[in-house]
S.K.: 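Starting off with a structure, shown below.
Keep in mind it's a predicted model, so treat the numbers as computed, not measured. Both backbone and side-chain heavy atoms feed into the values below; hydrogens, waters and symmetry mates do not.
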Amino acid sequence: MTSQRYIISASITALLVILGVYVLYSFQQGVSSLKNSYSQLEEEASRANIYDSSRCLSTELVNQSLTSINTLNNHLARPLLASEKTAILHEKTLLLLIERGIDCQLAQEENRLLSWPLSNVSANESNDFTATGEQLSDFIQAFTHFEKLIEVRKTLINDTLNLTHFNTLSLELYNRPISSSLPENSIILTSKAPLFATKNIFAEKISEHITLSLERIDSQLKQQLLTGVVWIDQLEKTTISSANINRLADWINWLDRLPHNCEDTENSLTPLLRTASTSPLLLSNNRESNGQTNTGLGLDVFSTQQRAINDCPAIANSLVDSINQNLVDASIILDARGVSSGLVSREWLDLAKSLSILSTQPFMVHSALIEKSSTEFSCRKTTTEWDYQTAEVMDKYMRDAKNYLAKNDKSINIISDVIINKVASLVNVLGNTAQKNLFITPSQSISARINESRQQSEKFDRFSPTFTSVLKQAKELNIDESLSQLKYCVVDYAKNQFTQLVELEQSENVLMLPSPPSLSTEESDSGVIFSFSNTNDFENWWEDQQQKMGELLAHNRSYSDFIQNMDTDTGTDNQQLRSIMEEWDNTQKELTDYQNAKDNNQVSQLYSLYKKTAMTSKEQCNDTKESILNNTVPLGNDLFSKNREKHIERLTTFCE
């Protein structure tokens with residue numbers, strides 16, 4: 001039994017020895033870990049700079065050091081084995097963490113506050129003063145939080161290091177405190193403790209930032225209200241840009257929310273400003289200016305705040321009254337009383353809705369793209385064709401504009417004025433786009449030239465009805481005068497193309513028999529008037545010329561129809577052109593009668609004349625003349641009649 005007890009006692013003793021050795025070893029390991037951490041801290045601190053956040057002690061190394069401190073603080077052997085040397089290491093590590101870690105972070109936060117930007121929200125954006133208020137709110141909250149940390153930092157070190165305060169700062173800045181289970185709340189210091197103080201200009205800069213922000217809230221509120229007045233004036237003059245149309249809609253909705261925004265800004269800022277105006281950190285930084293002591297923010301902030309925040313609805317109402325006095329359209333009146341209760345008049349909210357929808361319309365989106373370029377139409381004399389696809393876009397935009405106006409309240413006349421102004425400018429710009437100037441190498445043969453005329457005529461035949469629709473809708477929208485230059489440019493193009501086909505027919509003598517050969521005196525008695533040797537040659541020639549004339553008539557039809565549908569001038573040139581068009585119209589009618597085998601048409605008369613004389617000799621002249629003179633069908637106003645008359649003159653001259 002005694003032996004058994006001895007064994008147990010020896011075992012326990014051995015375990016205690018082993019445990020003691022382990023505890024001592026682990027404690028020494030903890031000390032080594034702290035030494036290593038301190039060594040790394042010293043090395044990194046030598047490169048640290050409290051004015052450069054990239055050179056503060058790294059978060060990883062701070063956490064590593066705090067882990068080493070926590071390990072030793074909670075170690076079983078600490079009360080028994082902690083030497084003065086270890087205590088000094090512990091203290092030096094904490095002081096280094098304060099100087100190059102906590103103080104460096106506080107200095108960076110101070111620099112961030114000093115470089116905090118003022119609101120840069122554009123006055124053209126809605127709710128700009130509320131955005132400035134939100135930024136100011138964020139700034140004051142950041143400042144007051146910083147102030148609390150500074151107050152803790154002030155009481156962190158005296159002759160002792162307050163570990164509770166160290167924990168607070170460590171938790172705030174690194175989210176990692178040292179152990180809260182320490183037997184004591186402070187450490188008596190043997191080394192020189194680091195100090196921290198804000199810059200001399202800190203209080204002045206913080207006060208200045210708050211004051212300037214409040215002044216900006218005040219000016220932005222007024223500017224936003226007055227900006228809307230400018231847009232209204234532009235809207236009434238129909239000079240407003242497409243971008244500002246949408247902004248005006250936003251402005252009206254912003255105006256409706258103004259009292260609520262004023263109240264929210266006041267409620268959020270007032271308690272923060274009250275806290276800031278009594279800030280110990282600011283008030284304790286008295287500074288001399290012109291021999292007088294300025295004690296921080298004080299009541300100056302509240303006088304600015306009263307003007308910028310508390311009087312927000314009053315400022316709005318006074319400016320709304322001014323807006324009403326300048327409005328021309330009596331159907332749109334702002335309700336100043338409504339503003340104070342959070343509502344603008346129903347007409348204005350309807351206008352905002354209409355403007356928002358309007359800004360998304362394709363013709364308005366396209367209009368916005370061309371506003372910075374010239375919106376004037378310029379007619380090009382070198383135009384070879386008009387693009388029908390562009391005309392289709394014009395037509396669509398005109399229809400969209402008409403449909404939009406039909407679906408919206410007609411009492412809001414200024415919207416109608418804006419729309420027609422935008423559409424007119426847009427169609428003129430599209431008119432510039434529609435003019436194509438393609439290089440065409442002139443053909444020599446009449447067949448090739450007729451084929452070219454066919455291609456151009458087909459293109460204009462696709463363009464002209466759509467463009468005619470554009471002009472019709474322009475008249476309905478009362479913007480036809482704005483498109484007059486475009487209209488007359490297209491008309492002139494059609495006239496030019498028509499004239500070119502007329503000149504082609506004349507230059508090629510399409511319906512005239514080939515001129516007689518130049519006969520010498522000796523050959524004149526036996527010569528023939530024309531060079532056809534047999535009837536088949538003549539018939540082939542006649543069929544070919546009749547086909548060419550038919551093609552020329554068909555190609556010119558799209559131009560003549562368009563010209564005659566336009567309300568153009570009745571000057572001398574146009575009267576002559578109309579006379580020619582009438583002649584060509586009659587020519588088409590005669591050709592149609594001929595193809596339909598109607599009696600006494602001018603085509604048959606010319607054919608009959610040509611057939612009789614195509615192979616006539618001098619010896620047959622008298623008989624041929626007598627046959628021609630006995631024809632009782634009168635000449636008409638057409639090209640077949642004109643050529644019959646010319647041929648009779650030629651025959652008479654030949655037979656003399």
Side-chain angles (χ1 to χ4, degrees), residues 234 237-245 358 361-402 404-405 416-440 456-457 459-500 558-559 561-571 573-574 577:
Q234 291 177 349
K237 295 176 181 177
T238 68
T239 58
I240 190 170
S241 70
S242 298
N244 282 351
I245 284 177
L358 174 61
Q361 299 299 302
F363 63 88
M364 291 301 294
V365 174
H366 196 154
S367 177
L369 297 176
I370 54 96
E371 279 176 352
K372 292 184 179 179
S373 58
S374 174
T375 56
E376 298 293 327
F377 174 74
S378 177
C379 187
R380 296 200 294 268
K381 299 299 182 182
T382 55
T383 298
T384 56
E385 66 180 67
W386 288 82
D387 182 41
Y388 74 91
Q389 292 179 319
T390 304
E392 289 174 347
V393 175
M394 294 181 195
D395 192 51
K396 179 184 183 303
Y397 286 161
M398 299 288 275
R399 293 182 187 279
D400 288 347
K402 282 173 56 182
Y404 181 86
L405 288 172
S416 174
D417 294 339
V418 169
I419 290 175
I420 62 179
N421 176 270
K422 295 297 179 186
V423 171
S425 298
L426 183 54
V427 171
N428 275 325
V429 171
L430 289 171
N432 289 326
T433 305
Q435 297 179 91
K436 302 298 181 184
N437 186 13
L438 307 177
F439 179 75
I440 300 175
Q456 288 183 292
S457 176
K459 291 176 181 177
F460 190 77
D461 207 29
R462 299 186 70 177
F463 170 84
S464 58
T466 306
F467 184 70
T468 301
S469 173
V470 169
L471 296 179
K472 179 182 177 183
Q473 294 180 90
K475 198 164 188 176
E476 294 172 1
L477 289 170
N478 199 29
I479 59 173
D480 47 323
E481 286 298 321
S482 300
L483 304 183
S484 59
Q485 291 188 46
L486 173 59
K487 170 186 173 181
Y488 287 117
C489 186
V490 178
V491 170
D492 285 344
Y493 170 84
K495 289 178 180 179
N496 183 55
Q497 293 299 111
F498 180 91
T499 302
Q500 287 184 30
S558 59
Y559 305 119
D561 285 349
F562 178 77
I563 295 168
Q564 292 179 64
N565 286 333
M566 296 295 105
D567 297 326
T568 54
D569 297 332
T570 56
D573 291 342
N574 280 318
L577 180 64

S.K.: Please enumerate all residues that pass salt bridge (charged side-chain N to carboxylate O under 4.0 Å, His left out) together with Glu371, with sequence neighbours excluded.
M.R.: Lys422
S.K.: Could you check Tyr397 against His366 for side chain to side chain contact (heavy atoms under 4.5 Å, CB included), going step by step and ending with a plain yes or no?
M.R.: CA-CA 10 Å; Tyr397 286 161; His366 196 154; 2.9 Å; yes
S.K.: To the nearest 0.5 Å, what is the distance between OH (Tyr404) and CD (Gln361)?
M.R.: 6.5 Å
S.K.: Going from NZ on Lys459 to CD on Gln497, what distance comes out if it is rounded to the nearest 0.5 angstrom?
M.R.: 11.0 Å
S.K.: Nearest 0.5 Å, please: how far is OG in Ser457 from CZ in Arg462?
M.R.: 13.0 Å
S.K.: Taking atom CG as the centre, does Asn478 end up with more than 12 heavy-atom neighbours from other residues, nucleotides or ligands that are less than 6.0 angstrom away?
M.R.: no
S.K.: With a 3.5 Å distance limit and no angle check, can you tell me whether Ser425 reaches the backbone of Asn421 through a side-chain donor-acceptor pair?
M.R.: yes
S.K.: Taking atom CD of Glu481 and atom NZ of Lys475, what is their separation to the nearest 0.5 Å?
M.R.: 9.5 Å
S.K.: Could you tell me which residues satisfy side chain to side chain donor-acceptor pair (under 3.5 Å) with Ser373, sequence neighbours excluded, listed by chain and number?
M.R.: none
S.K.: Which heavy atom of Ala494 sits nearest to which heavy atom of Phe562, and what is that distance?
M.R.: CB-CD2, 3.9 Å
S.K.: Among residues at least two apart in sequence or on other chains, which ones pass salt bridge (charged side-chain N to carboxylate O under 4.0 Å, His left out) with Asp395?
M.R.: Arg399
S.K.: Tell me, do Lys381 and Asp492 make a side-chain contact under 4.5 Å, heavy atoms counted?
M.R.: yes
S.K.: Between Ile370 and Leu426, does a side chain to side chain contact (heavy atoms under 4.5 Å, CB included) hold up when you go through it step by step?
M.R.: CA-CA 8 Å; Ile370 54 96; Leu426 183 54; 4.1 Å; yes
S.K.: Show your working on side chain to side chain contact (heavy atoms under 4.5 Å, CB included) between Met398 and Ile479 and close with a plain yes or no.
M.R.: CA-CA 11 Å; Met398 299 288 275; Ile479 59 173; 4.0 Å; yes
S.K.: Taking side chain as C-beta onward, heavy atoms only, is Trp386 less than 4.5 Å from Lys436?
M.R.: no
S.K.: Going from CG on Asn432 to CD on Glu376, what distance comes out if it is rounded to the nearest 0.5 angstrom?
M.R.: 9.5 Å
S.K.: Go through the structure and list residues passing side chain to side chain donor-acceptor pair (under 3.5 Å) with Lys402, not counting sequence neighbours.
M.R.: Glu476
S.K.: Is the shortest heavy-atom distance from the side chain of Val490 to the side chain of Met566 under 4.5 Å?
M.R.: no
S.K.: Do Thr433 and Val393 touch side chain to side chain, with heavy atoms closer than 4.5 Å?
M.R.: no
S.K.: Nearest heavy-atom pair of Ser416 and Leu405: which atoms, and what distance?
M.R.: CA-CD2, 3.6 Å
S.K.: Tell me, please, which residues at least two apart from Asp400 pass salt bridge (charged side-chain N to carboxylate O under 4.0 Å, His left out).
M.R.: Lys396
S.K.: If I compare all heavy atoms of Ala401 with all of Ile419, which pair ends up nearest, and what's the gap?
M.R.: CB-CG2, 3.7 Å
S.K.: Can you name the closest pair of heavy atoms from Leu486 and Gly431 and give their distance?
M.R.: CD1-CA, 3.9 Å
S.K.: So, do Phe467 and Thr390 sit near enough that their side-chain heavy atoms are less than 4.5 Å apart?
M.R.: no
S.K.: Please check this pair: side chain of Tyr493 against backbone of Thr384, looking for a donor-acceptor N/O pair closer than 3.5 Å.
M.R.: yes
S.K.: Is the shortest side-chain heavy-atom distance between Ile240 and Val418 below 4.5 Å?
M.R.: yes
S.K.: Using the salt bridge (charged side-chain N to carboxylate O under 4.0 Å, His left out) criterion, which residues pair with Arg380? Sequence neighbours excluded.
M.R.: none
S.K.: Taking the side chain as every heavy atom from C-beta outward, state whether Leu471 and Asp480 have any atom pair closer than 4.5 Å.
M.R.: no
S.K.: Does the side chain of Asn565 reach to within under 4.5 Å of the side chain of Thr468, using non-hydrogen atoms?
M.R.: no
S.K.: Please find the pair of heavy atoms, one from Phe377 and one from Gln485, that lie closest to each other, and give the distance.
M.R.: CE2-O, 3.6 Å
S.K.: Take Val470 and Val427 through the test side chain to side chain contact (heavy atoms under 4.5 Å, CB included) and record every step on the way to the result.
M.R.: CA-CA 9 Å; Val470 169; Val427 171; 4.3 Å; yes
S.K.: Taking all heavy atoms of Leu483 and all of Ala474, pick out the closest pair and write down the distance.
M.R.: CD1-CB, 3.6 Å
